[in-house]
Amino acid sequence: MSRYLPYLAELQPRAFCEVSPELARERGLVQNGWATLVTARSAIELRVLITERMTPLRIDGGETHQVGVPWHFGHGGFATGDSVNDLLSIALDPNVHIQESKALTCDIRPGRTPRGPALRALVEDYRRRAGLTP
Amino acid sequence: MGFFTDTSVCIGCKACEVACKVWNQVPADAGPTGSGTSDLAELDLLGMSYDNTGDLGANTWRHVAFVEAPPRTPGAGDVRWLMSSDVCKHCTHAACLDVCPTGALIRTEFETVYVQPDVCNGCGYCVPACPYGVIDVRPDDGRAFKCTLCYDRTKHGLTPACAQACPTESIQYGPLDELRERADRRLEQLKAAGVAEAQLYGRDPGDGVGGDGAFFLLLDEPEVYGLPPDPVVTTRDLPGMWKRAAAAAAGLAVAVAVAFVEGRRR
Ligand code: SF4
């Protein structure tokens with residue numbers, strides 16, 4: 001709804017993801033540039049917001065990065081962008097029938113997401129390398 | 001009457017920005033600020049934290065800035081996410097009002113500075129006169145616009161739209177002396193709590209603009225928020241400049257007269 005209202009659309013007009021400066025450096029992401037988020041389900045493209053508010057987690061001596069993504073965007077209205085729902089499995093919470101989980105593992109790479117068959121090829125390649133499909 | 005904006009409690013919800021636009025029917029600003037485009041397909045991110053408005057202008061009378069400032073002691077603690085709702089300062093000595101040749105800019109009975117849209121001819125003199133860069137000309141309209149301090153609401157005893165919408169009472173509207181007292185108390189409280197950088201901005205009637213009708217409590221130096229640290233009414237030196245010009249003109253007139261008299265004698 002709020003994407004269709006000009007006064008709200010202008011406040012946060014495009015889909016974006018928040019990454020730490022460390023992750024941006026590691027993956028070659030640039031401020032306001034494009035990034036592709038890939039999960040086992042699909043891939044979407046978002047604009048990059050590099051911020052010190054995101055910090056890598058140190059777990060078991062290793063470094064784990066987080067990517068923050070607001071749930072809001074889609075193709076309709078004035079404030080547009082890829083829908084993050086595309087990245088999720090379609091398991092629904094039995095009580096409220098909304099996606100059961102909105103935290104998931106992903107990869108992030110610079111640049112826009114390929115569309116059409118190229119998108120499928122990209123995701124399939126990830127799945128195969130992750131050992132999800134033979 | 002005026003505003004006290006206590007940025008220490010602002011949560012960055014931007015309700016003030018939207019309420020202002022809705023009440024005052026200010027158009028959405030689609031392109032980069034000042035471009036005047038209302039084509040919403042041109043909407044874009046600024047890459048400045050959660051701020052996609054940028055600054056105040058003809059189509060933005062309240063602007064919520066998001067500043068990601070480094071921690072107080074470098075390397076220790078989290079980044080400080082400072083939010084602050086900026087607005088026209090309604091200066092006591094307002095340069096825009098001084099330079100307006102049509103009298104469109106007036107001082108209202110509430111001591112606020114107001115542009116009468118039916119008188120403004122769009123000459124734009126007020127734009128460079130403002131020491132804060134607040135007032136601007138709307139390109140597709142031609143006239144200058146800025147915060148009216150909701151003159152149409154205050155006239156009827158209502159609170160300005162932004163202050164009414166603010167859920168945290170970061171924006172407070174009232175008589176200036178009352179607001180100043182309240183601000184002083186709040187500053188004391190913050191200082192006692194160990195917020196050493198807390199400071200009032202535009203509160204002092206002795207400053208370069210004679211004090212702001214809309215003043216602020218900031219959690220860092222004004223520059224951090226993009227505010228001029230020591231604003232001065234831009235027309236301050238005008239009387240002196242005119243005096244010098246008058247002296248020069250008188251000197252020239254004397255020289256010309258002398259030249260005529262001397263020339264005739266020869
Ligand atoms: S409405 Fe109040 S809390 Fe929300 S952004 Fe404006 S000043 Fe801050």
Side-chain angles (χ1 to χ4, degrees), chain A residues 1-25 28-35 37 44-58 65-82 84 110 112, chain B residues 12-33 35 37-55 57 59-71 74-83 85 161-162 165:
Chain A
M1 200 35 233
S2 41
R3 297 201 309 264
Y4 292 79
L5 299 171
Y7 288 156
L8 296 180
E10 67 177 331
L11 299 177
Q12 213 63 265
R14 294 286 176 262
F16 63 98
C17 58
E18 300 185 22
V19 298
S20 65
E22 291 86 350
L23 179 59
R25 240 186 328 266
L29 306 169
V30 292
Q31 183 80 329
N32 241 349
W34 288 100
L37 275 188
I44 62 168
E45 60 183 22
L46 301 160
R47 302 281 290 282
V48 175
L49 179 62
I50 304 171
T51 166
E52 305 259 352
R53 288 178 289 109
M54 301 293 291
T55 43
L57 304 176
R58 306 213 174 276
H65 291 285
Q66 298 183 88
V67 181
V69 184
W71 243 266
H72 177 65
F73 298 90
H75 54 81
F78 303 115
T80 53
D82 281 357
V84 190
R112 304 194 66 156
Chain B
C13 67
K14 304 188 192 178
C16 46
E17 213 176 304
V18 177
C20 170
K21 288 207 170 195
V22 172
W23 176 264
N24 294 296
Q25 301 182 326
V26 180
D29 215 1
T33 313
S35 65
T37 174
S38 47
D39 179 3
L40 288 161
E42 303 269 310
L43 279 175
D44 208 357
L45 296 163
L46 292 183
M48 288 163 43
S49 194
Y50 282 7
D51 176 9
N52 292 299
T53 307
D55 51 12
N59 293 346
T60 307
W61 300 352
R62 267 274 174 198
H63 160 232
V64 184
F66 288 71
V67 182
E68 299 188 0
D78 289 335
V79 35
R80 288 172 303 144
W81 207 7
L82 306 174
M83 292 136 203
S85 181
C162 56

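Chain letters run A, B, ... following the sequence lines, proteins first and then strands; every chain starts at 1.
Heavy-atom distances place the side chain of A/L49, and not its backbone, under 4.5 Å from chain B. Contact annotation for A/L5: neither backbone nor side-chain heavy atoms come within less than 4.5 Å of a heavy atom of chain B. For a residue to count as touching a neighbouring chain, one of its non-hydrogen atoms must lie under 4.5 Å from one of that chain's; by this rule A/Q12 touches chain B with backbone and side chain alike.
The CE atom of B/M48 sits 10.5 Å away from the CD atom of A/Q31 when rounded to the nearest 0.5 Å. For the atom pair A/R25 CZ and A/I50 CD1, the distance stands at 9.0 Å (nearest 0.5 Å).
The existence of a salt bridge linking B/E17 and B/R62 is excluded, since no basic side-chain nitrogen approaches an acidic carboxylate oxygen closer than 4.0 Å.
Of all the listed residues (A/T51, A/L8, A/V48), the one sharing the greatest number of non-hydrogen pairs under 4.5 Å with chain B is A/T51. Per-residue counts of heavy-atom pairs under 4.5 Å with chain A were compared for B/D51, B/V64, B/V79; the largest is that of B/V79.
A/F73 is linked by a ring-ring contact (aromatic ring centres under 6.0 Å, His included) to nothing, counting only residues two or more places apart in sequence or in another chain.
Residue pairs meeting the salt bridge (charged side-chain N to carboxylate O under 4.0 Å, His left out) criterion with at least one member in residues 46-57 of chain A, sequence neighbours excluded: A/E18-A/R53, A/R47-B/D44, A/R53-B/E68.
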